[in-house]
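What follows is a set of notes on a single structure, which appears directly below.
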Amino acid sequence: MSSEACDTIPIPQFTPEYTPKGEYELVDSRKVYVTGNPKASYALVCIYDVFGFHKNTFQGCDYLATGTEDAPLVVMPDFFDGDVVPFGDPEARKIWSEKNAYQNHVPYLQTVLDWIKEEYPSIKVTGLYGFCWGGKFSIACAKMDMVRAVALIHPSRLAETDADGIEEVPVLIIASQNETVESLAPLVSKLKNVDYVRMDDVHHGWCAARGDWGDALQKQRAEEAMRKTNEFFHKALL
């Protein structure tokens with residue numbers, strides 16, 4: 001079902017500098033950023049990229065949580081607990097990558113979903129949206145309890161087999177120039193309820209921590225991508 005709000009969802013106005021509007025809750029001793037309507041009918045879980053919490057992802061959360069009258073509750077768990085990828089040290093990065101394979105964080109995502117269900121009884125369904133590493137994580141969890149739709153924004157390491165068992169789940173894919181048509185085609189062809197958008201004039205990461213929203217094109221494409229994400233979840237979850 002779709003909402004009438006889909007016709008009037010505003011385009012966000014992103015800025016290079018930003019102060020988050022939400023609050024932090026502790027869930028199993030880890031920070032979870034929470035913003036939006038606590039009496040909403042659905043929630044969105046933002047799964048960030050390997051850089052963790054960032055002003056751009058905060059800004060996207062706040063936009064999704066406040067764009068319309070029937071906007072959702074939006075939460076962004078700190079899966080890494082402050083321990084973001086150490087890009088400057090190859091050996092440390094290898095160790096970090098093994099520790100933070102998305103499979104290792106699935107139990108904590110389930111903890112967060114259980115917490116949402118308990119703390120916000122009006123919420124009946126949830127969507128996941130993720131960037132890069134978070135995109136792979138999101139599609140892998142598309143059939144978890146309460147999850148009804150997933151959005152993947154400049155996702156990484158997707159494979160045809162990611163569609164197995166979720167062919168009917170609503171999936172949004174927003175690809176940059178670095179996620180090639182050829183690499184995504186096998187997955188897209190297997191998904192039966194997919195919305196596939198290409199933004200080939202921006203680079204991987206532009207909508208999250210690698211984005212420079214002082215650059216006019218990156219800012220414009222980020223605004224378009226997040227508005228598309230907003231529309232997608234309104235149609236899929238309301």
Side-chain angles (χ1 to χ4, degrees), residues 3 5 9-84 105 108-135 137-138 141 146-151 153 205 207-211 213 219 222-223 225-234 236-238:
S3 165
I9 290 174
I11 296 174
Q13 299 296 316
F14 290 151
T15 61
E17 300 300 328
Y18 188 73
T19 300
K21 298 176 182 177
E23 300 178 346
Y24 292 105
E25 299 283 351
L26 283 179
V27 179
D28 197 19
S29 301
R30 284 190 240 181
K31 280 185 176 181
V32 175
Y33 181 72
V34 181
T35 184
N37 181 9
K39 298 186 182 301
S41 63
Y42 73 100
L44 299 179
V45 179
C46 174
I47 304 181
Y48 52 37
D49 58 19
V50 294
F51 296 96
F53 284 156
H54 188 273
K55 61 186 179 182
N56 291 352
T57 46
F58 282 128
Q59 200 164 173
C61 287
D62 288 342
Y63 161 69
L64 292 172
T66 59
T68 62
E69 290 183 1
D70 51 4
L73 183 79
V74 181
V75 306
M76 179 166 54
D78 190 5
F79 291 98
F80 304 147
D81 201 16
D83 179 28
V84 299
H105 294 283
Y108 186 64
L109 175 58
Q110 185 62 64
T111 295
V112 171
L113 292 173
D114 292 342
W115 171 78
I116 291 171
K117 185 187 297 186
E118 181 177 345
E119 292 293 318
Y120 303 97
S122 65
I123 292 173
K124 306 303 180 186
V125 294
T126 302
L128 307 178
Y129 72 99
F131 306 92
C132 185
W133 174 90
F137 190 173
S138 295
C141 296
M146 291 180 67
V147 177
R148 298 293 183 271
V150 296
I153 305 167
C207 206
R210 287 186 180 271
W213 292 355
K219 174 181 181 294
E223 291 170 346
M226 293 311 294
R227 186 180 191 276
K228 182 66 178 177
T229 301
N230 208 348
E231 292 176 333
F232 167 75
F233 282 122
H234 269 77
L237 300 180
L238 285 177

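Note that the numbering runs from 1 along the sequence shown for the chain. No experiment lies behind these values; they were computed from the predicted model shown.
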Original post:
Where the side chain of Ser138 meets the backbone of Gly134, is there a donor-acceptor pair that is under 3.5 Å apart?
Top reply: yes

Original post:
What are the two closest heavy atoms between Phe131 and Cys207, and how far apart are they?
Top reply: CE2-O, 3.7 Å

**OP:** Classify the angle between the aromatic ring planes of Tyr24 and Phe53 as parallel (below 30°), tilted (30 to 60°) or perpendicular (above 60°).
**Re:** tilted

Original post:
To the nearest 0.5 Å, what is the distance between CG (Leu237) and CE (Met146)?
Top reply: 10.5 Å

Subject >> ring-ring contact (aromatic ring centres under 6.0 Å, His included) between Phe79 and Phe137, worked out >> reply: CA-CA 11 Å; Phe79 291 98; Phe137 190 173; 5.2 Å; yes

Subject >> Donor-acceptor pair between Tyr108 and Asp28 side chains, under 3.5 angstrom >> reply: no

Original post:
When the ring centroid of Tyr129 is compared with that of Phe232, is the distance short of 6.0 Å?
Top reply: no

**OP:** List the atom of Thr126, the atom of Ile123, and the distance in Å for their closest heavy-atom pair.
**Re:** OG1-CG2, 4.5 Å

Original post:
Are the charged groups of Glu223 and Lys219 less than 4.0 angstrom apart, N to O?
Top reply: yes

Original post:
Between the side chain of Asp49 and the main-chain N/O of Cys132, is any donor-acceptor distance below 3.5 Å?
Top reply: no

Original post:
From Thr57 OG1 over to Ile153 CD1, what is the distance, rounded to the nearest 0.5 angstrom?
Top reply: 10.5 Å

**OP:** Indicate the atoms forming the closest heavy-atom contact of Ala71 with Ala40, along with that distance.
**Re:** O-CB, 3.6 Å

**OP:** Mind checking the OG1-NZ spacing from Thr66 to Lys21? Nearest 0.5 Å is all I need.
**Re:** 5.5 Å

Original post:
With a 4.5 Å limit on heavy-atom distance, are the side chains of Tyr63 and Val74 in contact?
Top reply: no

Subject >> Val45 side chain near Pro77 side chain, heavy-atom distance below 4.5 Å >> reply: yes

**OP:** Check whether any side-chain heavy atom of Val34 sits under 4.5 Å from a side-chain heavy atom of Tyr120, and report yes or no.
**Re:** yes

**OP:** Using a 4.5 Å cut-off on heavy atoms from C-beta on, say whether the side chain of Leu109 contacts that of Cys141.
**Re:** yes

Original post:
How many angstroms lie between NZ in Lys31 and CD in Glu25, if you round to the nearest 0.5 Å?
Top reply: 12.0 Å

**OP:** Measure the spacing between CZ of Arg210 and CG of Asn56 and express it to the nearest 0.5 Å.
**Re:** 12.5 Å

Original post:
Which heavy atom in Val32 sits nearest to a heavy atom in Val112, and how many Å separate them?
Top reply: CG2-CG2, 4.5 Å

Original post:
Any side-chain donor paired with an acceptor under 3.5 Å for Asp78 and Tyr48?
Top reply: yes

Original post:
In Å and rounded to the nearest 0.5 Å, what is the CG to OG distance from Asn37 to Ser122?
Top reply: 7.0 Å

Original post:
What's the shortest heavy-atom distance between Phe14 and Gln59, and which atoms?
Top reply: CA-OE1, 3.1 Å

Original post:
Which atom names give the shortest non-hydrogen contact between Met226 and Pro12, and what distance separates them?
Top reply: CB-CG, 4.4 Å

Original post:
Backbone N or O of Gly22 within a donor-acceptor pair of the Tyr33 side chain at under 3.5 Å?
Top reply: yes

Subject >> Flag side-chain contact, heavy atom, 4.5 Å: Thr229 against Phe233 >> reply: yes

Subject >> cation_pi(Lys55, Tyr18) dist<6.0 Å, angle<=45 >> reply: no

